[in-house]
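Remarks on the structure that follows.
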Protein chains: 2
Amino acid sequence: MKKFMNTAATMVAESLEGFVRAHDRLVVFGSGDKFIRRRNLKPGKVALISGGGAGHEPMHVGFVGAGMLDAACTGHIFCSPTPGQIIAAIEACDGGAGCLLIVKNYDGDVMNFEMAAEMVAARHRVETVFVRDDLDGGGSARSHGARGVAGTLIIEKILGAAAEEGADLDRLKALGDGLYSRVRSMGVALRGVTVPETERQTFVLDAGEIEMGVGIHGEPGRFRAPFANADAILARMSDAIIADLPANGRNAALLFVNGFGGTPVSELYLAYNATRRFAEEIGLTIARSLVGTYVTSLDMAGLSVTIALLDDEELRLWDGPVHTAALNW
Amino acid sequence: MKKFMNTAATMVAESLEGFVRAHDRLVVFGSGDKFIRRRNLKPGKVALISGGGAGHEPMHVGFVGAGMLDAACTGHIFCSPTPGQIIAAIEACDGGAGCLLIVKNYDGDVMNFEMAAEMVAARHRVETVFVRDDLDGGGSARSHGARGVAGTLIIEKILGAAAEEGADLDRLKALGDGLYSRVRSMGVALRGVTVPETERQTFVLDAGEIEMGVGIHGEPGRFRAPFANADAILARMSDAIIADLPANGRNAALLFVNGFGGTPVSELYLAYNATRRFAEEIGLTIARSLVGTYVTSLDMAGLSVTIALLDDEELRLWDGPVHTAALNW
């Protein structure tokens with residue numbers, strides 16, 4: 001296993017330090033490096049806070065900035081941040097309008113974010129939106145119910161725009177919960193994840209195999225399939241995603257093809273092209289697109305497809321200005 | 001070799017089609033898919049055109065848009081675009097103010113861009129800026145002199161901003177040539193490139209080896225070294241780059257850490273952190289930073305470091321607004 005690292009124990013801290021130095025106009029460390037927050041907090045605004053294990057970069061630190069998150073808490077690789085980190089972020093960012101936590105649905109994250117919310121309840125009004133966009137996950141020992149994967153970006157962008165415009169905590173909570181049934185993702189891996197601490201791959205695929213329905217923590221997927229051409233893989237994923245979305249002719253679709261960390265940009269665009277064709281054949285209108293490496297699993301080769309069915313107001317919020325390291329428009 | 005592709009013969013075309021569909025507010029195909037151009041050309045402006053082999057995405061197509069390139073011509077994987085493609089782009093984009101070609105210094109690219117410039121000389125005023133930012137390359141059979149690698153992005157951004165502001169062809173040519181000695185890059189690979197047509201890696205590294213001084217076409221580097229920790233690798237690269245730059249206390253540095261396609265974002269930020277520390281220890285002032293996957297070599301695991309010494313005017317142009325798929329601020 002070759003990685004650009006010094007020691008497994010320090011790699012997350014060194015990488016985050018690099019991130020903050022590279023983007024020092026946008027972000028700063030808070031409370032002794034417990035979290036990364038937006039450099040200029042906006043008075044009167046509901047604070048949006050997310051976080052999770054390291055290894056998913058640029059999520060969530062790359063989503064901190066105007067129009068998206070106020071702070072992101074990063075744990076060790078694939079491990080939840082501690083309640084102490086989350087409490088520090090809430091205390092630093094809540095200016096009185098309350099705080100919305102955006103939490104991917106994994107046991108560790110759910111437990112620590114809930115514990116933090118409880119512990120500050122006397123001093124801060126806190127609501128939580130859980131992200132459960134993954135098609136699969138029911139069978140995984142690491143999660144109950146669907147997991148939060150690449151769709152997290154879409155939720156954080158839309159809620160971030162609404163918060164920036166002045167939406168209150170109840171409105172943000174309702175907007176986030178309302179998106180739940182209309183954001184669906186599925187992942188596929190061509191090569192598993194090498195975890196720095198163990199220097200081993202969490203699952204090993206041979207030259208003729210792919211893993212369908214993978215999450216972002218190196219856990220096995222729903223099933224192993226023979227390697228096939230891109231059209232065959234993407235048709236299968238598109239079908240599964242679209243079958244799980246509500247039938248709703250009024251909604252336009254946002255199509256998001258996300259690389260897991262080890263996938264070249266050219267392949268992501270090829271996959272986007274195939275997926276868009278299949279989605280349009282089924283009758284979806286692709287109103288917005290995002291293609292890139294945003295929600296990763298260290299060096300895993302593979303990608304996820306997310307389709308979100310959005311109403312006009314949600315599309316408007318998606319289009320709203322955002323100034324973060326990873327999304328900027 | 002597992003890639004998201006259908007056939008090696010169609011993968012470039014399918015990927016470019018996906019790119020144009022995903023970014024249809026920014027770009028369109030020109031002249032029967034011979035090139036990708038900015039959707040809304042700006043009247044009176046010098047046309048900036050670049051291009052090269054496929055396999056380096058998002059370069060150059062991701063740099064087409066307001067404030068950067070007017071058109072990009074893409075060849076087959078690691079092969080130059082044809083003179084016919086380049087001529088078509090010149091004819092479509094030159095509105096009378098002339099055309100600046102930005103060409104990475106590889107035999108095939110140089111030959112085809114020069115041939116195109118000659119063939120349109122009676123009808124279009126054309127100048128060329130050659131990019132030769134790679135420290136190494138003198139010994140490679142594929143190039144004469146230093147090659148154009150990640151520093152190309154910096155040249156295209158600065159010239160793009162100047163062109164957008166109305167700089168004329170002579171001014172742009174002088175600005176580009178003036179940057180030559182102050183933009184230097186070096187690359188390192190942890191894993192070689194798998195070329196789709198051959199399904200083979202162009203060079204194979206074992207678990208304890210890295211390739212120092214690599215280019216972006218799968219050609220071998222300057223020398224093979226034992227794998228080492230990030231600080232050791234980046235110190236060696238920083239030293240080599242800084243030694244090759246002119247001593248000039250007045251200039252501020254732009255530090256650009258670029259992933260080659262298979263390198264996780266977290267490792268790029270860790271490498272940036274180490275490089276920035278070394279550069280500052282030597283006395284450089286890092287005034288601007290860029291970290292990400294921009295100039296790639298298919299799925300190669302590795303990265304390049306580029307340092308550009310810029311004067312105040314060049315820094316201002318670097319900061320100027322840009323609206324492309326890959327750079328947007």
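As the structure is a computational prediction, the values presented were derived from the model and not from experiment. So you know, we letter chains A, B, ... as the sequences are listed, proteins then strands, and number each from 1.
Rounded to the nearest 0.5 Å, atoms CG (A/Leu270) and CD (B/Glu57) are 10.5 Å apart. Here A/Tyr272 contributes atom OH and B/Glu14 contributes atom CD; the two are 14.5 Å apart, rounded to the nearest 0.5 Å. To the nearest 0.5 angstrom, B/Glu267 atom CD is 8.0 Å from A/Leu298 atom CG. For the atom pair CD1 of B/Ile286 and CG of A/Asp24, the computed distance is 11.5 Å after rounding to the nearest 0.5 Å. Atom CG of residue A/Leu303 and atom CZ of residue B/Phe4 lie 3.5 Å apart, to the nearest 0.5 angstrom.
Note: A/Ser266 leads A/Gly262, A/Ser266, A/Ser289 in heavy-atom pairs under 4.5 Å with chain B. Your options are B/Arg277, B/Arg288, B/His323, and the one with the most heavy-atom pairs under 4.5 Å with chain A is B/Arg288. When A/Thr275, A/Val61, A/Thr293, A/Asp231 are compared by the number of non-hydrogen pairs under 4.5 Å with chain B, A/Asp231 comes out ahead. Ranked by heavy-atom pairs shorter than 4.5 Å toward chain A, the options B/Arg191, B/Met11, B/Met1, B/His56 are led by B/Arg191.
Neither the backbone nor the side chain of B/Thr296 comes within contact range of chain A; no heavy atoms are under 4.5 Å apart. Looking at B/Ala22, both its backbone and its side chain come within 4.5 Å of chain A, counting heavy atoms on both sides. Heavy-atom distances place no part of B/Leu255 under 4.5 Å from chain A, backbone and side chain included.
With contacts defined as side-chain heavy-atom distances shorter than 4.5 Å, the pair A/Phe19/B/Val265 does not qualify. Side-chain contact between B/Lys2 and A/Leu205 is present, with at least one heavy-atom pair separated by less than 4.5 Å.
A salt bridge links A/Arg21 with B/Glu280; the closest basic N to acidic carboxylate O contact falls under 4.0 Å.
Panel note: side chain B/Asn6, backbone A/Asn229; no donor-acceptor pair is recorded below 3.5 Å.
Of the N and O atoms on the side chains of B/Glu17 and A/Asn273, at least one donor lies less than 3.5 Å from an acceptor on the other residue.
Remark: A/Arg200 CZ is loosely packed, at most 12 non-hydrogen atoms of other residues, nucleotides or ligands lying under 6.0 Å away.
For A/His23 and B/Tyr269, the ring centers are positioned less than 6.0 Å apart.
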